[in-house]
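Here's the structure, in structure tokens; my notes come after.
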Amino acid sequence: MATLLKTKKVHFGGKELVLRLDGKTIVQIENKLNKNLLSLFIDNGKMTFPKTGEMLLILHAANTTHGIKESDMYDLLDIYLSTGKSTTDLMTIIQELLDEAGFFGKKETEEENQDGGLVLLEEPEANLEEHSSLLE
């Protein structure tokens with residue numbers, strides 16, 4: 001049985017969108033855009049900005065709120081921008097949505113560490129002295 005993905009609530013143009021990127025939605029978006037979702041932000045190793053239309057397509061496809069048509073998204077964008085928001089704010093929403101869907105990988109925290117301890121990148125100096133005889 002599949003686990004339910006978290007949803008993200010966003011106020012966009014006077015409407016509350018409840019967004020979720022599941023596998024089926026991701027594939028539908030990528031087929032419609034004819035590219036991988038990560039390529040919205042990275043192209044030939046360089047950071048890029050997604051087109052506004054691409055962001056609206058993602059928001060609409062990921063939206064689980066009933067009654068919002070794709071053609072409504074343009075008017076909602078106009079309202080969103082008239083309230084002082086920007087397309088950069090919209091891009092941040094898309095990045096957060098992709099992050100929650102697992103596109104940027106899971107960051108290991110101390111609590112998630114298998115051993116329950118700290119992850120050290122270097123040995124403490126005390127331990128280095130014990131191994132110094134090996135270097136001689």
Can any side-chain N or O of [X] pair as donor or acceptor with the backbone N or O of [Y] at less than 3.5 Å?
| X | Y | answer |
| --- | --- | --- |
| T25 | A62 | no |
| T87 | T52 | no |
| E30 | V27 | no |

Distance from [X] atom [atom1] to [Y] atom [atom2], nearest 0.5 Å?
| X | Y | atom1 | atom2 | value |
| --- | --- | --- | --- | --- |
| I79 | H11 | CD1 | NE2 | 14.5 Å |
| H60 | L19 | NE2 | CG | 11.0 Å |
| N63 | I58 | CG | CD1 | 13.5 Å |
| L97 | M55 | CG | CE | 12.5 Å |
| K9 | T65 | NZ | OG1 | 9.0 Å |

Please tell me if the side chains of [X] and [Y] come closer than 4.5 Å, counting only heavy atoms from C-beta onward.
| X | Y | answer |
| --- | --- | --- |
| I94 | L37 | no |
| L90 | L81 | no |
| E100 | L21 | no |
| T88 | F49 | no |
| F41 | L98 | yes |
| L56 | L77 | yes |
| V18 | V10 | no |
| K15 | I68 | yes |

Non-neighbouring partners of K8 that pass salt bridge (Lys or Arg N to Asp or Glu O under 4.0 Å), sequence neighbours left out: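 Partners of K8 by the salt bridge (Lys or Arg N to Asp or Glu O under 4.0 Å) criterion, ordered by chain and then number, come out as E96.
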Enclosure of K51 NZ (heavy-atom neighbours >12, cutoff 6.0 Å):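 No, NZ of K51 has 12 or fewer neighbouring heavy atoms, counting only those of other groups under 6.0 Å.
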Pairs meeting criterion salt bridge (Lys or Arg N to Asp or Glu O under 4.0 Å) with involvement of residues 67-91, two or more places apart: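 Listed by first then second residue: K32-E70.
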Ring pair (Phe, Tyr, Trp, His ring centres under 6.0 Å) partners for F12, two or more places apart: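 Partners of F12 by the ring pair (Phe, Tyr, Trp, His ring centres under 6.0 Å) criterion, ordered by chain and then number, come out as Y80.
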Minimal non-hydrogen separation, A61 against I29, with atom names: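 Minimum heavy-atom contact is CB-CG1, 3.5 Å.
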